[in-house]
Number of protein chains: 2
Amino acid sequence: MTIADTNSWRGIQAELLRRINEREWLPGSLVPSEADLAIEFGCARATVNRAMREMADAGLLDRKRKAGTRVALHPTSRVVLDIPIIRLEVEQRGAEWRYSLIESSAEPASLALTSRLGLPRDSEMLHVRSLHYADNRPFLHEDRWINLDLLPHVRSVDFSAISANEWLIQNAPYTAGDISFSAMGADAGLADLLDAPEGAALFVIDRITWDKDRPVTAVRLSYAPGYRMNTKI
Amino acid sequence: MTIADTNSWRGIQAELLRRINEREWLPGSLVPSEADLAIEFGCARATVNRAMREMADAGLLDRKRKAGTRVALHPTSRVVLDIPIIRLEVEQRGAEWRYSLIESSAEPASLALTSRLGLPRDSEMLHVRSLHYADNRPFLHEDRWINLDLLPHVRSVDFSAISANEWLIQNAPYTAGDISFSAMGADAGLADLLDAPEGAALFVIDRITWDKDRPVTAVRLSYAPGYRMNTKI
DNA sequence: TTGATTTATATGTCTGCACATTATAGTCTG
DNA sequence: CAGACTATAATGTGCAGACATATAAATCAA
């Protein structure tokens, strides 16, 4: 019965984590109720609740009213990724960020894209392609389509002065987004741009953002070979 | 002054989100204090706190004592990935999971690995390589090293009957982990195993888990071409 | 002017209480 | 015995108040 030093919610959480990690409470087993734990730790029930709620959010505990709280059977580790502005990502690596616009023009989007976005076929969208550099070496290729219907004044933005990535974050709010990560071989054009051999394995992020069911932008970020996205559990 | 219908913390959170999304509160601007908002919404300060704390955790708000709360300037979108047991991941796709052990043997680990794990050089570790299938097609290659020092009884586990992935999740608790995602070209061996052309771009997850500073296992998961990891913001 | 100290303020957390919500388990009834 | 109803037990949420803590801003001293 090792009572945590402090009866703060962090102390209680640490103690609960210890009991789970050290198999004092086995996966799938029922743990004492909030009220009982509050008595044991000599604190208010709300404090125990605070500690346990976070653990439930993290997937370590399964909680149901009346049924009680159980240690999760399959603790799916939950990973949190922070996706920053590209400029900041480069600068955080201690490299100098540079950006160059390749193309910016209104074009009819492909059927694959419009259908995925729920737009009328042959909708005109702004197609912006650009390259981000870290210390003068290609870092990633940004291939973006912007919904002109939702953001008509984007036509007049000079994307050689500010990256589309940054302009959108500051000017186009979104309420939801779909992201997918994958690996792709570099085609001839990308290989040339990224200064990589053709067929090189590239880390790719595809992202579509929405503002209440209306698509804002669809982007594909293709990173130069060697890129790693790191995080902790 | 649209007061949210309910003065539950969710209602308040929704209203705050609306004000941010609709640019009523601009990025970087100071928002009213908890006390003021509590008065405005006619609720307790704790309720406002609950709503705002979650938004701060999500990176939408920056909060500092005395300085107050500001709308985040660079709303780094925070993505949450659930990394399930491989078997469950395959089954969730509606495919049949199958598993085959390639190799399981105690070997001295490479210097690169031992130094990364903080183990003595030439430490013996259990090297387990296996292949996971979805509907009889190669899904991913699991290349794992297990710390025999920490888990000596793992020598006697039959990894042809249970996957190392699953056994470890159920038997080896960990307190921290480092994960990195990248893209790699398939070498001859992997290409053969995954039934892919040599050089094909593979999505790769490297993960090291720790139990209080002691390494538990290091694993590289190489997914067959075409794999995408999806999530939402 | 500059550096140290104090003060005021916003957030962070805890308490004790109350009621709401949900789902289990038991009971009653036809 | 089956199905409907009811009591109960756990979590979910809210409130008012209190104190803790960090820190920006103001004040004071050299």
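Everything numeric in this text was worked out from a predicted model, so none of it was measured. Throughout, a chain's letter reflects where its sequence line sits, starting with A, and its residues are numbered from 1.
- B:N165 and B:S163 share no donor-acceptor pair across their side chains, judged by distance under 3.5 Å alone.
- Nucleotide D:dT11 holds its C1' atom 13 Å from the CG atom of A:D57, rounded to whole Å.
- With sequence neighbours excluded, the residues that form a salt bridge (charged side-chain N to carboxylate O under 4.0 Å, His left out) with A:E166 are A:R87.
- When rounded to the nearest whole Å, the span between CD1 of A:I12 and C1' of C:dT15 equals 12 Å.
- Looking only at distances, no side-chain donor or acceptor of A:T209 sits under 3.5 Å from a matching main-chain atom of A:V216.
- Between A:L61 atom CG and D:dG12 atom C1' the separation is 15 Å, expressed in whole Å.
- A salt bridge is defined here as a Lys NZ or Arg NE, NH1 or NH2 lying under 4.0 Å from an Asp or Glu carboxylate O, and A:D206 with A:R220 meets this definition.
- Separation of atoms CD (B:E142) and CG (B:L221) is listed at 6.0 Å; rounding is to 0.5 Å.
- As rounded to whole Å, 18 Å separates atom P of D:dA22 from atom CG of B:D62.
- A salt bridge links A:E34 and A:R63; the closest N-O separation between the charged side-chain nitrogens and carboxylate oxygens is under 4.0 Å.
- Taking atom CD on B:E54 and atom P on D:dG12, their separation rounds to 13 Å, with Å as the unit.
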Exercise for review: Go along nucleotides 5-14 of chain C 5' to 3' and tag each nucleotide: B for a protein heavy atom under 4.0 Å from its base, S when only backbone or sugar atoms are that close, - otherwise.
Suggested key: ---BBBBBBS
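- Here the P atom of nucleotide D:dT13 and the CD atom of B:Q13 are 11 Å apart, to the nearest Å.
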